[in-house]
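Labels below follow one simple rule: chain letters A, B, ... track the order of the sequence lines, proteins then strands, and each chain is numbered from 1.
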There are 2 protein chains.
Amino acid sequence: MKHYTIKDIAKKLNVSISTVSRAFNDKYDIKKETKDLILKTAEEMGYIPNPMAKKLSQKRSLNIGVVVPEFINEYYSEIVIAIQEFFRSKGYQVLVMQSDEDETQELTNAQTLIHNMVDGLIVAPTAGYKNMQYYQSRIKEGYPLVFLNRIEESVPVSKVVFNNTKWSFFATEHLIRQGYQKIYHLSGYKDLSVTNERVEGFKKAMDKNNIQKENYKIIETGLLAEEGMEVVEGLMFHHDIPDAFFCVNDMVAIGVMKKLKDNGYRIPEDVAVVGFTETRIAKLIIPQLTSVKQPTFEMAKKAGEILLKRITNPSAEIETQIFNGELNVRKSSVREVSN
Amino acid sequence: MKHYTIKDIAKKLNVSISTVSRAFNDKYDIKKETKDLILKTAEEMGYIPNPMAKKLSQKRSLNIGVVVPEFINEYYSEIVIAIQEFFRSKGYQVLVMQSDEDETQELTNAQTLIHNMVDGLIVAPTAGYKNMQYYQSRIKEGYPLVFLNRIEESVPVSKVVFNNTKWSFFATEHLIRQGYQKIYHLSGYKDLSVTNERVEGFKKAMDKNNIQKENYKIIETGLLAEEGMEVVEGLMFHHDIPDAFFCVNDMVAIGVMKKLKDNGYRIPEDVAVVGFTETRIAKLIIPQLTSVKQPTFEMAKKAGEILLKRITNPSAEIETQIFNGELNVRKSSVREVSN
DNA sequence: TTTTTTGCCGAAAACGTTTCCGAAATTAGT
DNA sequence: ACTAATTTCGGAAACGTTTTCGGCAAAAAA
C-alpha cells in the first residue's frame, strides 16, 4: 500500500540509511548479519527501491532504447523481440519506439529515449538520413549507439548489417540459372541503403551474366503488397510483363503474385517471383515463395552484444558486423518439377 | 557536451533556481521578461531538463506502459501503434513490453513498468490469468489500469473488448447460410476469454440453426499457421474433413487453406474457410479469405482515452467498452460465383 | 501618508537513492 | 597491554528537479 523507502527501513532497525543502502548494493563493507537482517525486514515490509532515485544518483537507467522504422512487418517485430530477450537476461529493460517510417518521428523518438537516460540506443534508421547530424553529435559525446540494418556509410558508429548486395546477387543469379531471361527488380524506397545494396547486387548479376540493359528493369516501389500490385497492373497495361520479378520483400512479392494470378499468369511456369527478408507467409502461400532469409535473431543479438560492450566499456572500439543469410528456393521460382 | 542543469542557468543569470524552475512550469508567478530571458538563455545553452529528477519530485513519469502477449501477429502491432499515437499527442511516452504468451513474463513486465513509475498501464493479458491477484492489488491501491481484449470477468477494472461472441455467431451463420453443413471450429488456446467467447458464439449459431452435435466440432489449436495445418492433417487421416472451417485467426485459417489445397481440396467449392481478426494477408491470398475485422485502431484509442481519464481524474469510474466489427465476406466462403 | 494588496522572487525542504569521508568498534600485531 | 590495522557503520553531500513558505518591493487602496 504505502510505498516504503530506505528511510523507513533504517528507522525501524535503528541503523543509518547508508547502511541500508549498502545492504542492497553488496559491494560495500557491511557485516553479514546486519545485511541479512536488513534484507529480511525489507522483504517483509514489501520494500521496492525507487528506480527514479536510483537512476538520478547512479546516472544510469538500466534501460535500453530501440528505435525501429515500423513493426507491422514481422521483421522488426522479431528484431525487437530478440533484443529484448538479450537484454532482459542482463538486467536491462528495453523500451521500444517506432517511427512509422518518418524521419521527424525518428528524431523525436531518439531524443525522447536519450532524454530519458537510456544507457544505450539501437537505431534502425528510416529512409532519408536527415538525422545523421544528430546522431553524429551524440556519438561525439560518447553516447553508446548501434545502428542496425539501414546504414549511412559516413557515420563512424558500430553497425550490424545484412549483406544485401551479396544475397541479392545470389537470388538474381538463381533466377537466371532457372532460365528466366527478362527480370524486373521491384526495389523499395530509394535513398535506403538496403534498397541500394540490393539494386547493386541485382545489377552485378546482370552484368556477370551478360544480360543486356533492355532485358531488365529496376522499378521503385514501397514495402507494401498494394504497391507490388500496382506495378504489375502498370506493366500489364503496357504489355510488359517480364519472365521474373525479384522483389524487395515478401509482402511486395505476394502482391505481385496475387495480381499475376488474378490475371491468368501461372507461377512459376509463366512468371517467377522471388522475395527477400523471408517471412512466415513464404511457406504458406501457393506456390511457396522463394526468398532470402536473414538471421534476424542473431543480428539482433549481436547488436545487443556490441551495445552492451560499449556501455560497460566506453573505450570499446567501433565494430561492424556483416551477416549472411540463405536463399530458400521454393516453387515460385523453379521451372523444373522439383520440390 | 556537458549537461547543463537548472543551477547553471541560475548562476549565469544571477537568479535563484526556483525562479528558473518557474520559468519552465509557467503556472507560477514570474515576470514575463525574466521568464523570457531564462527560456532564451536556456535554449542557447542547450539545456535539457533531467527527466529522472523531474519524475522523482513530481511523482509522475509521463510514461505509459503497454503489455501485450506478442506482437508478431500484426494485430497487437497495430494496437501498440495506435496507443502510441494517441498518447504521443498528449505528451506521454509509451513503453512497450511483450510477454511472449508467458504468464510469468507478463507479471515481470507489469512489475517492471510499474516500478518504473509509469503513470498508467494497459495490459492485454496472456492466457491463464494467474496474475489477476497482482492486478487486483494494484487496482486496490488506485493504480490506473486498463485491460484490453482478453479479460477476466471477475476483476473490477476498466476494459476494452471486442464482442467476440456476436461476431463469431455472425461468421458461423454466414457459413450455414452458404449451405455448408458440417462446420469445425479451430478455437485457439483454451482458458483465453476471446477463445471462449468465440466458441460460445459458434455454438449459439449451431443451436439456433438446429445443427446436431455430431455435425460440428470444436478443436483446440494455437494461433500459428502450423497448428492449423496439423489439425487438417489429423482430420484427413481420419477421413473427417468437414464442409467448412471457422478459425480463431487468419494465420490458422491460412494454414488450413494451405494444407487443404496441397491435398486437392478446392476452396470454397469443397471446403470453406473463415478467419478472424482480419489481417492484411486476407485480401492477398487466393482465394481471398473471409474474416471478421476488428476496429483495432478505435479500440486502442479508446483504451488510451479511458486510461488517460483515469490518470487525470483518479475518481473516474470504471468503464467497459465493447466494440463491434464487420464480417468481410470473400471468396473462401461463398459457393455462388460472386466477388 | 499609512495600510493593504499584489507581483515577483529567494531560501530551503523534499523526492529516494548512492557514495565519500571519517569515526567508532573490533581485531590483529608486537 | 598498547598501538596498528581492519572492519563496520553513521553523517552528510550529491544527483536535478519541484514546491512551500515567506519576504520585499511596488502598486493599490484607505
For this session: Salt-bridge test for B/K302 and B/E305: reply yes if a basic N is under 4.0 Å from a carboxylate O, no otherwise.
Result: yes

For this session: Would you tell me whether A/E101 and A/T126 have side-chain atoms, one donor and one acceptor, within less than 3.5 Å of each other?
Result: yes

For this session: Measure the distance from CZ on A/R60 to P on C/dT18 and round it to the nearest whole Å.
Result: 11 Å

Exercise. Expressed in angstrom and rounded to an integer, what is the separation of B/I38 atom CD1 from C/dG10 atom C1'?
Worked result: 12 Å

Please list, for nucleotides 10-16 of chain D, all pairs of protein and nucleotide N/O atoms separated by less than 3.5 Å.
{"from": "D/dG10", "atom 1": "OP2", "to": "A/S16", "atom 2": "N", "distance (Å)": "2.9"}
{"from": "D/dG10", "atom 1": "OP2", "to": "A/S16", "atom 2": "OG", "distance (Å)": "3.0"}
{"from": "D/dG10", "atom 1": "OP2", "to": "A/T19", "atom 2": "OG1", "distance (Å)": "2.2"}
{"from": "D/dG10", "atom 1": "N7", "to": "A/S18", "atom 2": "OG", "distance (Å)": "3.4"}
{"from": "D/dG10", "atom 1": "N7", "to": "A/R22", "atom 2": "NH2", "distance (Å)": "2.7"}
{"from": "D/dG10", "atom 1": "O6", "to": "A/R22", "atom 2": "NH1", "distance (Å)": "3.2"}
{"from": "D/dG10", "atom 1": "O6", "to": "A/R22", "atom 2": "NH2", "distance (Å)": "3.3"}
{"from": "D/dG11", "atom 1": "N7", "to": "A/S18", "atom 2": "OG", "distance (Å)": "3.4"}
{"from": "D/dG11", "atom 1": "O6", "to": "A/S18", "atom 2": "OG", "distance (Å)": "3.3"}
{"from": "D/dG16", "atom 1": "OP1", "to": "A/K59", "atom 2": "NZ", "distance (Å)": "3.3"}

Exercise. Can a donor-acceptor pair be found between the side chains of B/T277 and B/Q294 at a distance below 3.5 Å?
Worked result: yes

For this session: For the residue pair A/Y143 and A/V118, establish whether any side-chain heavy-atom pair is separated by less than 4.5 Å.
Result: yes

Problem set entry | Under-4.0 Å salt bridge between A/E85 and A/R88 | no

Exercise. Looking at five pairs on each end of the helix from C/dT1-D/dA30 to C/dT30-D/dA1, what is the angle between the two axes, given to 10 degrees?
Worked result: 50°

Problem set entry | Pairs meeting criterion ring pair (Phe, Tyr, Trp, His ring centres under 6.0 Å) with involvement of residues 31-60 of chain A, two or more places apart | A/F24-A/Y47

For this session: Compare side-chain N and O positions of B/T34 against OP1 and OP2 of C/dC9 and report whether any pair is under 4.0 Å apart.
Result: yes

Exercise. Would you call A/K12 and A/D8 a salt bridge, taking side-chain N to carboxylate O under 4.0 Å as the test?
Worked result: no

Seminar exercise, completed: Whole-Å distance, B/K35 NZ to C/dC8 C1', equals 14 Å

Problem set entry | Integer-rounded Å distance: D/dT19 P and B/F24 CZ | 15 Å

Exercise. Are the side chains of A/R22 and A/T34 in touch, meaning some heavy atoms are under 4.5 Å apart?
Worked result: no

For this session: Round to the nearest Å and state the distance from A/D29 atom CG to C/dC21 atom C1'.
Result: 13 Å

Problem set entry | Separation of C/dT19 P from A/I30 CD1 (nearest whole Å) | 14 Å

